[in-house]
Amino acid sequence: MPTTDEAVAQAALDTQTGPTSPTAADSGASASASFRSTEQYSSAGLTTDTARVDALARALLGAVHQVISDHEVTYPEFQAAKKWLMDVGEGGEWPLFLDVFVEHAVEEVAARKQTGTVGTILGPYYLPGQVQLTTPATLPARPDEAGTPLAFRGQVTDTTGAPVPGAVLDIWQADEQGYYSGFAPDIPAGNLRGVVTADVEGRFEIRTIQPAPYQVPTDGPTGALISAAGWHPWRPAHLHLLVSAPGRRTVTTQLYFAGGEYLDSDVAEAVKPELVLDPTDVGDGSREVTYDFVLEDA
């Protein structure tokens with residue numbers, strides 16, 4: 001029986017229809033809007049001293065200059081790169097491009113000083129302000145939502161193993177076609193997204209469907225680079241999570257699926273062995289899996 005929260009969320013979805021293919025422009029615009037509206041993840045108001053800016057800017061420019069020198073970049077190539085950079089900005093794709101190709105390196109640096117559950121990139125498809133649910137919870141979905149049903153369970157503890165009561169799991173995912181609500185036309189807002197509060201023992205149960213791999217939109221400048229370089233544009237199927245509690249460091253992570261495509265060739269280079277789930281077939285066409293989270297002190 002759905003909770004009141006779930007019933008309200010579901011009511012907004014029941015009359016919606018299925019998706020059509022998203023475009024780079026759709027995804028870029030949505031990712032840019034999300035980034036600008038989410039202060040805690042965009043580091044709005046961050047101040048950096050002059051020496052730090054000087055060091056980073058000189059190092060970045062120096063690396064660019066070295067690439068130009070080492071690879072004997074020509075003027076036509078330089079002008080093509082300039083146009084591409086302009087296209088990325090005008091298409092609103094900087095969050096998309098940076099989250100796919102650069103964020104994993106920043107996350108690896110951050111992880112050097114972190115304990116608890118292993119994290120990975122946030123990615124470009126996070127949207128704040130989703131429906132609030134209490135465990136056991138079912139993510140909002142269309143009445144005819146395709147995909148293998150998945151029961152995702154676990155517990156949130158601190159680094160001593162003590163439960164973290166009322167921990168919050170902000171979860172979002174692609175659907176069975178690899179599309180995200182808010183980034184693909186015709187998918188209802190909030191589809192397969194929710195903010196789930198665990199119980200007094202930090203335990204949670206979230207019912208959803210197993211997502212599909214997704215393709216980075218290829219009809220914009222990010223896709224043009226992928227095509228020109230001969231790369232593939234795919235990410236393996238995964239669940240996104242922000243796991244938080246007062247006084248604890250928020251864990252930003254993604255959970256993947258054993259045996260899935262692109263685990264070894266993720267275009268975003270974000271897969272870690274510790275984050276690969278191995279669900280069990282229940283026997284009725286559904287699957288279940290358990291994964292626990294450990295939060296360190298903030």
Side-chain angles (χ1 to χ4, degrees), residues 2-19 22 26-27 29-42 44 95-96 99 119-143 145 147 149-154 156 164 166-199 202-212 214 237-246 248 250-255 291 293 295:
T3 66
T4 300
D5 288 339
E6 291 168 356
V8 170
Q10 192 62 54
L13 302 175
D14 286 344
T15 60
Q16 303 291 335
T17 58
D26 294 329
S27 296
S30 296
S32 294
S34 174
F35 177 80
R36 292 184 184 279
S37 67
T38 313
E39 291 188 4
Q40 63 267 47
Y41 303 113
S42 63
L96 177 66
D99 289 351
T120 190
I121 65 174
L122 179 71
Y125 296 139
Y126 173 70
L127 292 174
Q130 300 303 310
V131 63
Q132 302 283 324
L133 306 170
T134 302
T135 193
T138 299
L139 292 187
R142 292 160 288 192
E145 193 73 53
L150 177 71
F152 173 48
R153 305 182 181 94
V156 183
V164 178
V168 174
L169 298 92
D170 194 338
I171 180 170
W172 67 104
Q173 64 174 89
D175 66 9
E176 195 263 345
Q177 295 296 314
Y179 297 151
Y180 285 84
S181 60
F183 294 84
D186 303 326
I187 298 183
N191 198 64
L192 300 178
R193 296 176 181 269
V195 182
V196 180
T197 299
D199 66 17
R203 298 188 185 280
F204 62 88
E205 178 178 334
I206 302 171
R207 293 180 293 274
T208 182
I209 57 104
Q210 186 163 322
Y214 78 79
H238 55 275
L239 303 172
H240 292 265
L241 290 123
L242 292 168
V243 185
S244 63
R248 313 287 180 181
T250 297
V251 169
T252 302
T253 199
Q254 300 177 11
L255 298 178
Y291 191 89
F293 296 93
L295 301 185

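Heavy-atom basis, side chains included; hydrogens, waters and symmetry copies ignored. Numbering starts at 1 and runs along the sequence shown.
Across all non-hydrogen atoms, the minimal contact from Pro124 to Pro95 is CB-O, 4.2 Å. Of all heavy-atom pairs spanning Ala212 and Gly178, the tightest one is CB-N, 3.8 Å. Taking both residues in full, the closest heavy atoms of Ile187 and Arg142 are given as CG1-NH1, 3.9 Å, listed atom of the first, atom of the second, then distance. Listed here is the closest heavy atom pair of Phe204 and Ala198: CB-CB, 4.3 Å. The heavy-atom pair separating Pro140 from Gly190 by the smallest distance is CB-O, 3.7 Å. In terms of heavy-atom proximity, Leu192 sits nearest to Glu145 at CD1-OE2, 4.1 Å.
Using modelled atom types, no side-chain atom of Asp99 and backbone atom of Ile121 make a donor-acceptor pair closer than 3.5 Å. In terms of modelled atom types and a separation under 3.5 Å, the side chain of Gln130 and the main chain of Pro128 share a donor-acceptor contact.
Annotation: side-chain contact (heavy atoms from CB on, under 4.5 Å) contacts of Ala151 (sequence neighbours excluded): Arg153, Glu288. Legend: residues meeting side-chain contact (heavy atoms from CB on, under 4.5 Å) with Ser244, ordered by chain and number and at least two apart, are Val168, Thr250. Applying the side-chain hydrogen bond (donor to acceptor under 3.5 Å, both in side chains) rule to Ser181 yields the partners Arg193; only residues at least two apart in sequence or on another chain are considered. Tyr180 pairs by the side-chain hydrogen bond (donor to acceptor under 3.5 Å, both in side chains) definition with His238, His240, not counting sequence neighbours. Checked against side-chain hydrogen bond (donor to acceptor under 3.5 Å, both in side chains), Arg248 has the following partners two or more places apart in sequence or in another chain: Asp297. The side-chain hydrogen bond (donor to acceptor under 3.5 Å, both in side chains) check on Thr208 picks up Gln173, with sequence neighbours excluded.
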Would you check, one step at a time, whether the test side-chain contact (heavy atoms from CB on, under 4.5 Å) holds for Leu122 with Leu242? CA-CA 8 Å; Leu122 179 71; Leu242 292 168; 4.0 Å; yes
Does Thr253 form a side-chain contact (heavy atoms from CB on, under 4.5 Å) with Thr120? I'd like the steps, not just the answer. CA-CA 5 Å; Thr253 199; Thr120 190; 4.2 Å; yes
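Counting only heavy atoms from C-beta outward, the side chains of Val251 and Leu295 approach each other to under 4.5 Å. Trp172 has its side chain out of reach of Leu139: every pair of non-hydrogen atoms, C-beta onward, lies at least 4.5 Å apart. The shortest distance between side-chain heavy atoms of Tyr125 and Leu96 falls below 4.5 Å. Side-chain contact check for Thr135 versus Arg203: every heavy-atom pair is 4.5 Å or farther apart.
Looking at Arg207 and Glu205, a side-chain N of the basic residue comes within less than 4.0 Å of a carboxylate O on the acidic one, giving a salt bridge.
Between the side chains of Asp170 and Tyr126, at least one donor N or O lies within less than 3.5 Å of an accepting N or O.
Partner of Ile206 under the side chain to side chain contact (heavy atoms under 4.5 Å, CB included) criterion, chosen from Leu133, Leu239, Val196: Val196.
Rounding to the nearest 0.5 angstrom, the gap separating the CG atom in Asp186 from the OH atom in Tyr179 is 11.0 Å.
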